[in-house]
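Scroll down for the structure; my scribbles are underneath it.
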Amino acid sequence: MKQEKSGALDWFSRRLNLTEIFSLLTSYGVFHAELDSRKNIREAIAEAKAQPMPSYDQWPRVLGLLAVVLLLIEIVTGSLLAFYYLPTPQTARASVATILRDVDFGRFVHQIHFWGAQLLIAVLIVRVVRFLIRGVYRKPRELMWIFGVLLLLVCFHSDLTGKALPMTGTAYWSSVRALELVGSIPIYGSVMLFLLGGGETVITELTLIRFYLLHVALLPFAAITLIYLHFSGVRRLGQTETGSHETPTRGGPVIRIHLLNQAILFTILLGILVSLAVLVPYPLGDAADPYLTVPGVGPPWYLLAPFGFMELTAPFLPTWIGGTILFLTFTAFVLLPFLPGFSEGARSRGLSWVIVAALLAVWIFLTIYGARVA
Amino acid sequence: MRPPRRAQLTDGLIAGLIGALWTLASVPVSAQEMCGTCHPENRVSFEDSIHHAETVTCSECHGGNPESREVAAAHRGGFHSLTNRLEVPEMCATCHSDLTRMRAYNLPVDQYAIYLTSQHGKGLESGETRVAICTDCHGVHDIRRPRDPSSSTHPRHISETCGRCHGDEALMQEFGLDPNVVADYRSSIHGRMLLEEGSLAAPNCTSCHGVHGATPPGVGDIDKVCGACHEQTRRAFLEGPHYEGMTAAAVSECTSCHSNHAIQQFGIERVESLCAECHGEGSDQAVLGHKIHTLIDSASEEVAAAEELVHRADQAALEVEDPMSRVEEAKTYLTEALPAVHAVSLEPVEQLTRRAQSIAEEVEHELYSKLDRRVAKIGLVLFWFYLLMTIAVLVIFRRRLRSETEAS
């Protein structure tokens, strides 16, 4: 018969499976050891502490963890903003102005929310490029790649829907450009446009409330789910060939050192985020006027490349063909592991630097072109 | 084969009946007015008019016997064809100068008397029939109210109506008048405001020349005519030295600098060269012109900068209602400075521009310090100091842990 302990932890432990809850939380990357949920929480933690950390948990392979922290910051600041935001075209800008002007720390929270989103997207792009180079899409990591790329896609959509919410002139026309771009894709485009705004490429009450719903409920849920699935892959397989989690590194640091590393990283991240929010404030802008096109407004920066492609091919390709090419290119990118010749091969090798550099060069060229014609 | 005789007779009767009905149906509703039977175009045109709507009949102007269908009988008994232009104004005046008839319409009854004082009326008195009479401007049978947008006397159509004669080169040459006045007016700020922007506040020909008493305003009267709208400008002008000097020298007031029909909006930069045109380059007056220009120009720049800053602050969602209303106030002073220029003295302009400039500077100062967010930046430096301390502590702690691990 086991002796009953009387701490608060044990009180809860007798009533809830704390090990399972803890395991679920750690699934978001705090550490990647798999815990045995049948064991007591104290035992499980002691066991995890005793394990040497696998190599993939160290500097600088922490981009995924950074993304989780940034997503958490977005959820917290976003909830605070939602206390005051009113999602109708008539009240949207005024309510954001109220947040910025009258609510205590409203401006700061708004700026953190904006810059957090930008950093999140930047982190995820770097991460996808790293996966490409390190070959984190080869068998058996196909799903990790797909979840990772889909996560980036979800974050793009979050940014797109979020930017439209203040209903300022730039936000309005930027969203219209983005909707036009989506609309150029046959079938998929018309379905998306119908879902988002009744088939129109203008922002109405319905579009705005749907953007809002996507932004605050559906997309965050999708992101949380994808991160969970993605990290499940990481826990099972590790990120790279050396990172099978049974393989400890030579004299690897224990979990406390790992947690300290994370603390240092988050401190630096916090510093960068606050500096950006204070030094480079994102302006609110004028109220949107659907009858007045704001000159020089293009789609959001990550959509400039497809926008540039459409503009470049417009003189000699019908829109629907351009749209189809974009759609197929993107689908091929998501399903990269299942393309012939990509899944097999040395797992440590990804695409060669030359190919990645070439892909990036095309992307950057189209982005610059898109920015110039916008 | 020929149809039977009886059938022919019936056909003829039916045809006759239809014909009679047709004729009956087409006569005017008023059984007494038969004029339209012979003068259908006049009847159609008359039916559009205000006179028809107010049940004025043909015979009230033309006399005769309107009930008769015989030409000779109808044109008997005090019939006027009114083809003699000399008779027309007097005929119109029989009603339009009749106070008892016009009172119900709240119409003035002095138009005929005023007309006789006009250049047109005086010409007619002396037997000149080519001058404008009532019907030239108001129309003959299809007279409409001036407020009717399709009327030839509606403000938007006045320049067209006057231009029918005053734009006619051959006709104007005979009277020694400038035939370009209408074209000039249309190109002017007044004409463009009325005809292109549709602002009924802008003057048409009659606003300056009078309506029925059309006469060009003479020297000494021009400032009164322009001053009817440009009140502040006139007040400043009368205070300054120009008024007395110019009237004494019989130089037209406002129009000498601004021109008359082709008047354009003056930019303040025009003052730079304008003074020297009469007073000569290097004169005290030319120097004054430069000074006035500099005052207004620099104040306008300052106010524009303040306005731009308010816009920037609005984009950053700062509280801008107060600064915005102050910029409006500064702009009002600037607007007042332009009429004040007409006193051709430095002091009134300087007072206004100084006020505008100081308000603009105040607003700029206030908004710059808000946009600059110095407090937030100082806070950021302190925050980084705290972060670096934290990082240092964490690094030290990690080093100790690592050496412990390696030792064990």
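A, B, ... follow the sequence lines: proteins, then strands. Residue 1 opens every chain.
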Show every donor-acceptor pair shorter than 3.5 Å between a side-chain atom in residues 68-85 of chain A and any protein atom, with sequence neighbours excluded, or say none if there are none.
| from | atom 1 | to | atom 2 | distance (Å) |
| --- | --- | --- | --- | --- |
| A/Glu74 | OE2 | A/Ala117 | N | 3.3 |
| A/Thr77 | OG1 | A/Ile73 | O | 2.8 |
| A/Thr77 | OG1 | A/Glu74 | O | 3.3 |
| A/Thr77 | OG1 | A/His113 | ND1 | 2.8 |
| A/Ser79 | OG | A/Ile75 | O | 2.6 |
| A/Tyr85 | OH | A/Leu165 | O | 2.6 |

Report task. Evaluate side-chain hydrogen bond (donor to acceptor under 3.5 Å, both in side chains) for B/Glu272 paired with B/His290, printing each intermediate quantity in order. Result -> CA-CA 5 Å; B/Glu272 276 280 330; B/His290 285 301; 2.6 Å; yes

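- By the 4.0 Å N-to-carboxylate-O rule, B/Glu336 lies too far from B/Lys331 to be salt-bridged with it.
- Residue B/Tyr368 places its OH atom among 12 or fewer non-hydrogen atoms of other residues, nucleotides or ligands, all under 6.0 Å distant.
- In this structure, OH in B/Tyr386 is found 9.0 Å from CG in A/Leu270, a value given to the nearest 0.5 Å.
- Each of B/Gln265, B/Glu197, B/Arg186, B/Gln264 was compared with B/Arg192 under the side-chain contact (heavy atoms from CB on, under 4.5 Å) criterion, and only B/Gln264 meets it.
- Proximity to chain B at a heavy-atom threshold of 4.5 Å picks out A/Arg93, A/Ala97 from residues 88-99 of chain A, in numerical order.
- B/Phe383 touches chain A through its side chain: at least one heavy atom from C-beta onward sits under 4.5 Å away, while N, CA, C and O do not.
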Query - Verdict with supporting geometry, B/Leu295 and B/Leu346, side-chain contact (heavy atoms from CB on, under 4.5 Å) - result: CA-CA 9 Å; B/Leu295 278 177; B/Leu346 206 55; 3.8 Å; yes

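- Heavy atoms of other residues, nucleotides or ligands lying less than 6.0 angstrom from NE2 of B/His365 number 12 at most.
- B/Arg270 is not listed as a side-chain neighbour of B/Cys257, based on a closest heavy-atom distance of 4.5 Å or more.
- Neither the backbone nor the side chain of B/Val393 comes within less than 4.5 Å of any heavy atom in chain A.
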Query - Intermediate values then yes/no, side-chain contact (heavy atoms from CB on, under 4.5 Å), A/Val274 and A/Phe108 - result: CA-CA 8 Å; A/Val274 171; A/Phe108 183 68; 3.9 Å; yes

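- Taking non-hydrogen atoms and a 4.5 Å limit, the residue list of residues 313-325 of chain B in contact with chain A, ordered by number, reads B/Asp314, B/Gln315, B/Ala316, B/Ala317, B/Leu318, B/Glu319.
- Of the two parts of B/Leu387, the backbone and the side chain both hold a non-hydrogen atom closer than 4.5 Å to a non-hydrogen atom of chain A.
- Residue pairs meeting the side chain to side chain donor-acceptor pair (under 3.5 Å) criterion with at least one partner in residues 62-73 of chain A, sequence neighbours excluded, do not occur; the list is empty.
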